[in-house]
Amino acid sequence: MSYLQERVKELESEVQCLMEASKDYEKRYKLAEQDLAFAKEREDGLAARESELKASLSGTKIQLEQMEEEKRLYLVERKLLSESYHNLVQGAHDVEVRRDENVLV
């Protein structure tokens, strides 16, 4: 009978260890669930931020395209003004030459 009593004590001890291990695993499981929930919230936040950044990038690209168009128009206008200025200078020079020719005649 003493062998059976020893064996019962051993089994009770094993059951106690298993119950403690089970409680430990439950705690770990709950912590893992919390970690997962936090990770999901973080992922959602990052996805929202990514969406905001993509929208901002799209807006920035549009602004850049508009600025490039403004630059192109500015360069065309500058070229036209330079040509106009050159024509005015040439015209003024031609008038001076004719005036000088008339003075000499």
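Hydrogens, waters and symmetry mates play no part in the numbers below; they use all other heavy atoms, side chains included.
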[atom1] of [X] to [atom2] of [Y]: how many Å apart, nearest 0.5 Å?
X     : Y     : atom1 : atom2 : answer
Leu80 : Leu75 : CG    : CG    : 11.0 Å
Lys71 : Arg78 : NZ    : CZ    : 10.0 Å
Glu41 : Leu36 : CD    : CG    : 10.5 Å
His93 : Arg98 : NE2   : CZ    : 10.5 Å
Gln5  : Glu12 : CD    : CD    : 10.5 Å
Ser58 : Lys54 : OG    : NZ    : 11.5 Å

Using a distance-only test with no angle check, is there a side-chain donor-acceptor pair under 3.5 angstrom linking Asn87 and Glu83?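 The criterion, which ignores hydrogens and geometry beyond distance, is not satisfied for Glu83 and Asn87.
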
Got a salt bridge between [X] and [Y], using NZ or NE/NH1/NH2 to carboxylate O under 4.0 Å?
X     : Y     : answer
Arg7  : Glu10 : yes
Lys23 : Glu20 : no
Arg72 : Glu68 : no

Checking Ser51 side chain against Ala47 main chain: does a donor-acceptor pair fall under 3.5 Å?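 Such a contact is absent between Ser51 side chain and Ala47 backbone.
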
Can you check side chain to side chain contact (heavy atoms under 4.5 Å, CB included) on Leu46 and Glu50, steps first, answer last? CA-CA 6 Å; Leu46 290 173; Glu50 179 184 23; over 6 Å; no

Remaining members of the apolar cluster that contains Leu4, side-chain heavy atoms under 4.5 Å: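 Tyr3, which link up through side-chain heavy atoms under 4.5 Å apart, make up the rest of the cluster.
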
